[in-house]
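To start, the structure itself, in structure tokens.
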Amino acid sequence: VPADQHPLFFRTFSDMMTVFDEATLRATPLLRMFEARAESAKSKEKYELQLCMPATELSRLLGPQLIESVAFTSSDPFLRTGTDLAILYKAKSVNGLVAALALRRAQTAVSHPQAKPVKGRISGNGEYVGLVSKDRSICSYTATLGSDVVVVTNSLAQLRKLSAAHRGKKPSLASLDEYRFFRQRYLLGSTEEKAFLMV
């Protein structure tokens, strides 16, 4: 994660679903922390559609089998008006997760024929694939960084920043004294931790 971004880490896929379910039940306070009107703008639904990642019962079943941990990061906290959002999955099975994400894009393409497949290369980190509509209501790019991190983002600029941080070409969050302090104070892997947010 680049040093100048806002990350939200989940120790496991199940922890992420627990936090999101609680946020939905309580009228999305997680979104209100950043934007007072985020819930009225249906930010969660907008990003689920844009990224081709609706929450379904199947995803709840498959997620823990394919995904070890999850991180969200964005260039700014303005979810309601739109931001460069990325989800990073530490995969238990990269091939399985990539296939599942490809299926989601294919399903979205059927219901939104205006969205077209795209692909290209990221400097130093291989290829990306995606599905994009002209109005960006659908805008999903997927790439693999390293051996086990699969990224889904709505922005090629964001993907390039993540790639640069991964390759050491851009300062990463792990290089910050503040991050190291809080991670030492609240140890990663604590059974009490569901999420770790740094703003």
Side-chain angles (χ1 to χ4, degrees), residues 1-2 5 7-24 44 47-74 84-112 115 117-132 138-156 158-168 172-174 183 187-191 193-197:
V1 174
Q5 298 210 2
L8 174 60
F9 299 97
F10 295 97
R11 189 171 54 91
T12 68
F13 182 86
S14 298
D15 286 344
M16 179 190 73
M17 297 308 298
T18 298
V19 171
F20 280 10
D21 287 346
E22 184 71 14
T24 300
K44 179 175 178 288
Y47 287 114
E48 283 182 351
L49 174 62
Q50 186 181 45
L51 294 170
C52 307
M53 298 183 67
T56 66
E57 288 306 313
L58 182 59
S59 67
R60 289 173 183 269
L61 291 172
L62 288 179
Q65 308 302 316
L66 300 174
I67 297 164
E68 182 175 333
S69 59
V70 185
F72 287 71
T73 186
S74 63
D84 288 351
L85 180 68
I87 308 172
L88 295 88
Y89 298 104
K90 186 174 183 183
K92 294 179 179 178
S93 169
V94 170
N95 291 339
L97 181 55
V98 167
L101 294 170
L103 177 60
R104 289 294 183 85
R105 291 193 305 274
Q107 291 169 335
T108 302
V110 169
S111 57
H112 295 79
V118 296
K119 62 180 180 179
R121 294 193 64 81
I122 323 164
S123 177
N125 268 311
E127 297 184 345
Y128 66 82
V129 294
L131 187 71
V132 180
I138 309 295
C139 189
S140 179
Y141 303 97
T142 298
T144 301
L145 300 181
S147 62
D148 61 356
V149 176
V150 178
V151 178
V152 180
T153 179
N154 61 0
S155 164
L156 282 179
Q158 175 72 295
L159 185 56
R160 293 186 186 103
K161 290 176 185 176
L162 293 168
S163 173
H166 170 71
R167 292 180 290 120
S172 70
L173 190 71
R183 245 338 7 166
L187 293 176
L188 182 64
S190 166
T191 55
E193 180 180 306
K194 295 293 184 187
F196 179 83
L197 173 66

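These figures come from a predicted structure and were not determined experimentally. For this chain, numbers begin at 1 and follow the sequence in order.
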Practice task
Evaluate side-chain contact (heavy atoms from CB on, under 4.5 Å) for V118 paired with Y141, printing each intermediate quantity in order.
Solution key: CA-CA 8 Å; V118 296; Y141 303 97; 3.8 Å; yes

Problem - Closest contact, heavy atoms only, V94 versus S147 - result: CG2-O, 3.4 Å

Practice task
Classify the angle between the aromatic ring planes of F196 and F9 as parallel (below 30°), tilted (30 to 60°) or perpendicular (above 60°).
Solution key: tilted

Exercise for the section: Grab the two heavy atoms, one from L197 and one from P7, that are nearest each other, plus how far apart they are. Expected result: CD1-O, 3.3 Å

Practice task
For the pair S163 (side chain) and L159 (backbone), establish whether a donor and an acceptor sit closer than 3.5 Å, ignoring hydrogens and angles.
Solution key: no

Problem - Interatomic spacing from CG in N154 to CE in M53 - rounded to 0.5 Å - result: 11.5 Å

Practice task
State, to 0.1 Å, how close R104 and P54 come at their nearest heavy-atom pair, and which atoms those are.
Solution key: NH1-O, 2.8 Å

Exercise for the section: Take T142 and R105, measure what side chain to side chain donor-acceptor pair (under 3.5 Å) needs, and give me the verdict at the end. Expected result: CA-CA 10 Å; T142 298; R105 291 193 305 274; 3.2 Å; yes

Practice task
Would you name the heavy atoms of K92 and I67 that are closest together and state the gap between them?
Solution key: CE-O, 3.6 Å

Practice task
Hey, could you give me the CG/CG distance between L162 and L88, rounded to the nearest 0.5 Å?
Solution key: 5.5 Å

Exercise for the section: Using a 4.5 Å cut-off on heavy atoms from C-beta on, say whether the side chain of F13 contacts that of L66. Expected result: no

Handout entry: side-chain contact (heavy atoms from CB on, under 4.5 Å) between Q50 and C139, intermediate numbers included
Key = CA-CA 5 Å; Q50 186 181 45; C139 189; 3.9 Å; yes

Problem - Non-hydrogen side-chain atoms of S140 and V152 separated by less than 4.5 Å - result: yes

Problem - From CA spacing to verdict: side chain to side chain donor-acceptor pair (under 3.5 Å), Q158, T153 - result: CA-CA 7 Å; Q158 175 72 295; T153 179; 5.2 Å; no

Handout entry: Spatial distance of atom NZ (K90) from atom OG1 (T12) [nearest 0.5 Å]
Key = 13.0 Å

Practice task
State, to 0.1 Å, how close M16 and F72 come at their nearest heavy-atom pair, and which atoms those are.
Solution key: SD-CE1, 3.6 Å

Handout entry: Verdict with reasoning, H112 to L49, per side-chain contact (heavy atoms from CB on, under 4.5 Å)
Key = CA-CA 10 Å; H112 295 79; L49 174 62; 3.6 Å; yes

Problem - Working for side-chain contact (heavy atoms from CB on, under 4.5 Å), residues V19 and L8 - result: CA-CA 11 Å; V19 171; L8 174 60; over 6 Å; no

Handout entry: Close side-chain approach of C52 to I138, heavy-atom, < 4.5 Å
Key = yes

Problem - Check: L85 and L51 side chains under 4.5 Å, non-hydrogen atoms - result: yes

